[in-house]
Amino acid sequence: MLRLTWVQPEDLLGHELRQARLDGREPSAIEARWRTAGGQDAPPRAGASPHPASRYLRLLAEDLLDELADLPSALSEDEPTDLARIKSLCADWPGPLGRARPAPAPAALEAAWLGRAIGCLLGKPVEKLPLDGIRALAKAAGNWPLTGYFSAVGVPADLLAAHPWNRRSARTCLAENIDGMPEDDDLDYPLLNLLLLRRHGRTFTTADVARLWLDELPPGRAFTAERIAHRNLLTGIEPPHTARHRNPFREWIGALIRADVHGWTNPGDPAAAAEQAHRDAALTHTANGVYAAMFTAAVIATAAGAAPGGQDVHACLRAGRRVIPPRSRLARAIDHAVRLAGSHEDFDDVVDELHARYSPAHHWVHAIPNTALLTAALTHADGDFAGSICRAVSGGWDTDSNGATAGSVAGLLAGAPAALPDRWRAPLKNRLATTVADFDGSGFDTLAHLTLLEATRP
């Protein structure tokens with residue numbers, strides 16, 4: 001039996017009930033109807049429940065998803081998705097660049113691509129594992145606090161049985177078997193956006209993103225909000241409604257992991273990077289899901305605009321914060337993360353407080369807790385490369401995505417591949433696997449060159 005993940009209506013309903021409570025809607029009456037009919041919660045970590053619902057429950061779930069979408073939100077004024085309204089709320093929105101866009105250093109772009117891959121690779125084996133499982137596996141291997149890739153060497157069999165590695169990643173992502181960078185959506189999306197800019201330039205539209213996905217993105221390699229948007233496109237729904245129709249994942253992390261190229265190609269111009277990220281994110285996300293992408297793009301653009309070693313991570317994070325509506329949940333989460341990172345010497349204490357605040361109400365892939373963790377990791381590590389990726393991954397939740405973005409920012413700030421410790425970059429062998437277009441087997445030096453061409457295109 002095929003149980004396709006992230007699309008079954010009976011599973012989407014549980015996620016939408018949770019999302020409604022987060023974004024200021026009151027779903028109690030609708031939830032009562034679902035429970036009375038025998039409806040269940042969404043699976044806590046996987047994308048599909050093990051058994052299909054009855055035809056009646058499935059049809060009911062579809063109707064209730066539409067009813068939930070029509071509920072008014074108490075947060076709509078503070079958390080718009082429209083770009084003009086976002087900018088109107090951001091009193092400190094960055095001004096236009098006002099000068100020629102600086103060319104990013106080619107070596108810094110290569111370090112950013114490498115950093116993204118390294119951080120992703122570090123987090124892949126423990127994706128979906130609970131925080132205590134991540135800590136137990138690393139401690140059993142003598143790798144806590146994290147200082148290198150995860151390994152099964154020396155880990156007791158009963159611990160591995162209790163906390164099995166991510167099934168997609170164990171064969172390719174443990175220290176003892178890494179042989180180049182394996183395929184992952186956290187690298188596929190930057191490649192797709194590189195292809196997007198090569199075809200359409202900076203003036204691409206959200207519809208251009210949609211057409212590119214239909215041409216180049218296998219639906220089986222898209223997840224959560226991206227898979228829903230893919231489905232919606234195939235049923236004739238057009239952007240930006242693709243982000244809203246029966247899509248409970250519209251504030252999850254998917255748009256954030258697509259943001260790097262928008263930052264890399266707008267060096268020194270966080271406003272332009274954020275606006276590009278908005279057009280991309282609008283296909284799949286709303287409100288805080290969009291803000292997370294804009295924040296990340298602005299942080300990276302600020303880092304890309306400085307000479308190597310000439311910008312600190314804290315200034316980059318402050319630039320990102322300027323493009324987020326100040327009363328949004330994401331803004332509060334970022335501010336809280338910065339305060340936590342500055343008030344605790346032990347990063348485990350930061351992580352414990354973040355989990356205490358966000359885990360009860362948020363799914364482990366939601367953008368708000370993951371952006372908070374990313375911010376805390378970069379702040380606490382002061383932008384140091386190894387410190388940033390290890391903190392981001394050790395904090396749990398979406399480990400490979402957080403590691404990837406932390407690695408991108410910290411790699412860019414490091415300024416050159418040689419500034420990244422050899423133990424991290426040597427196993428990648430300057431080779432990346434992907435399902436995207438003709439990029440399979442590409443080297444990170446080649447990707448940096450192609451990114452530089454887009455960054456310097458008139």
Side-chain angles (χ1 to χ4, degrees), residues 23-24 73-99 101-102 193 196-197 200-210 225 239-244 250-305 315-335 337-338 367-368 371-372 374-375 405 409 455:
D23 66 27
S73 168
L75 304 180
S76 58
E77 292 301 313
D78 291 336
E79 296 186 346
T81 300
D82 176 74
L83 181 60
R85 290 185 61 202
I86 292 171
K87 292 172 72 172
S88 73
L89 294 176
C90 296
D92 201 23
W93 182 269
L97 193 58
R99 55 184 172 84
R101 181 181 288 109
N193 277 341
L196 175 73
L197 293 179
H200 301 287
R202 301 176 193 280
T203 59
F204 72 85
T205 65
T206 306
D208 291 329
V209 180
H241 301 296
T242 45
R244 301 187 182 97
R250 58 193 176 275
E251 287 196 327
W252 287 21
I253 202 173
L256 185 158
I257 71 173
R258 310 198 312 255
D260 292 53
V261 170
H262 304 310
W264 293 338
T265 56
N266 284 286
D269 196 347
E275 291 180 19
Q276 258 183 228
H278 182 280
R279 295 199 302 276
D280 178 359
L283 177 63
T284 53
H285 286 72
T286 64
N288 293 274
V290 172
Y291 309 156
M294 296 172 68
F295 168 77
T296 302
V299 169
I300 291 173
T302 305
C316 297
L317 293 168
R318 288 193 296 271
R321 177 64 176 77
R322 293 168 66 188
V323 303
I324 301 173
R327 294 187 298 274
S328 66
R329 285 167 285 141
L330 187 68
R332 292 196 300 271
I334 289 170
D335 294 345
V338 171
I368 289 177
T371 307
L374 169 68
T375 300
T405 304
V409 174

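Scope of the values below: all heavy atoms of this structure, side chains included, with no hydrogens, waters or symmetry mates.
- Between P240 and R244, some side-chain heavy-atom pair lies under the 4.5 Å cut-off.
- Atom CG of L317 sits about 7.5 Å away from atom CG of L374, to the nearest 0.5 Å.
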- [ ] Kindly indicate, with the supporting measurements, whether the criterion side chain to side chain contact (heavy atoms under 4.5 Å, CB included) is fulfilled by V290 and R250.
- [x] CA-CA 8 Å; V290 172; R250 58 193 176 275; over 6 Å; no
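- In plain terms, the two heavy atoms of D92 and R322 that are nearest each other are O-NE, 2.8 Å.
- Across all their heavy atoms, A292 and A367 have their closest contact at CB-CB, 4.0 Å.
- Panel note: side chain T371, backbone I368; no donor-acceptor pair is recorded below 3.5 Å.
- Minimum heavy-atom separation, T302 to A315: CG2-O, 4.5 Å.
- Seen from the ring of F295, R321 does not count as a face-on cation partner, given the 6.0 Å and 45° thresholds.
- One N or O on the side chain of H285 and one on the backbone of W252 form a donor-acceptor pair closer than 3.5 Å.
- Each of T203, N266, N193 was checked for a side chain to side chain donor-acceptor pair (under 3.5 Å) with Q276, and the lone residue meeting it is N266.
- Side chain of R318 to backbone of V299: no donor-acceptor contact under 3.5 angstrom is found.
- Between the side chain of T206 and the backbone N or O of R279, at least one donor-acceptor pair lies under 3.5 Å.
- What you find for G320 and A298 is that their closest heavy atoms are CA-CB, 3.8 Å.
- Counting only distance, with no hydrogens or angles, the side chain of D208 and the backbone of F204 share no donor-acceptor pair below 3.5 Å.
- Atom OG1 of T205 and atom CG of D280 lie 11.0 Å apart (nearest 0.5 Å).
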Open item on the list: Go through it in stages, so that I can follow the logic: the residues are R85 and L89, the test is side chain to side chain contact (heavy atoms under 4.5 Å, CB included), and I'd like the CA-CA distance, side-chain angles, deciding distance and then a yes or no.
Closed with: CA-CA 6 Å; R85 290 185 61 202; L89 294 176; 5.8 Å; no
Open item on the list: Under the criterion side chain to side chain contact (heavy atoms under 4.5 Å, CB included), I'd like the reasoning laid out for E251 against L330: C-alpha separation, chi angles, the key distance, then a yes or no.
Closed with: CA-CA 10 Å; E251 287 196 327; L330 187 68; over 6 Å; no
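- Under 3.5 Å, the side chains of R258 and T284 contain a donor-acceptor pair of N or O atoms.
- No side-chain heavy atom of V323 sits less than 4.5 Å from a side-chain heavy atom of C90.
- In this structure a side-chain-to-backbone donor-acceptor pair under 3.5 Å is present from T242 to L283.
- A distance-only check finds a donor-acceptor pair linking the side chain of E79 to the backbone of R329 [under 3.5 Å].
- A salt bridge does not link R327 with E77: every distance from a Lys NZ or Arg NE/NH1/NH2 to an Asp or Glu carboxylate oxygen is 4.0 Å or more.
- Listed for the S73 side chain is a donor-acceptor partner under 3.5 Å among the backbone atoms of D23.
- Between A333 and A372 the shortest heavy-atom distance is O-CB, 3.9 Å.
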TODO: Go through K87 and E275 one step at a time and tell me if the side chain to side chain contact (heavy atoms under 4.5 Å, CB included) criterion holds.
DONE: CA-CA 10 Å; K87 292 172 72 172; E275 291 180 19; 3.0 Å; yes
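- Judged purely by atom type and a 3.5 angstrom limit, N288 has no side-chain atom pairing as donor or acceptor with the backbone of Y291.
- When all heavy atoms of A293 and A255 are compared, the pair lying nearest together is CB-O, 3.4 Å.
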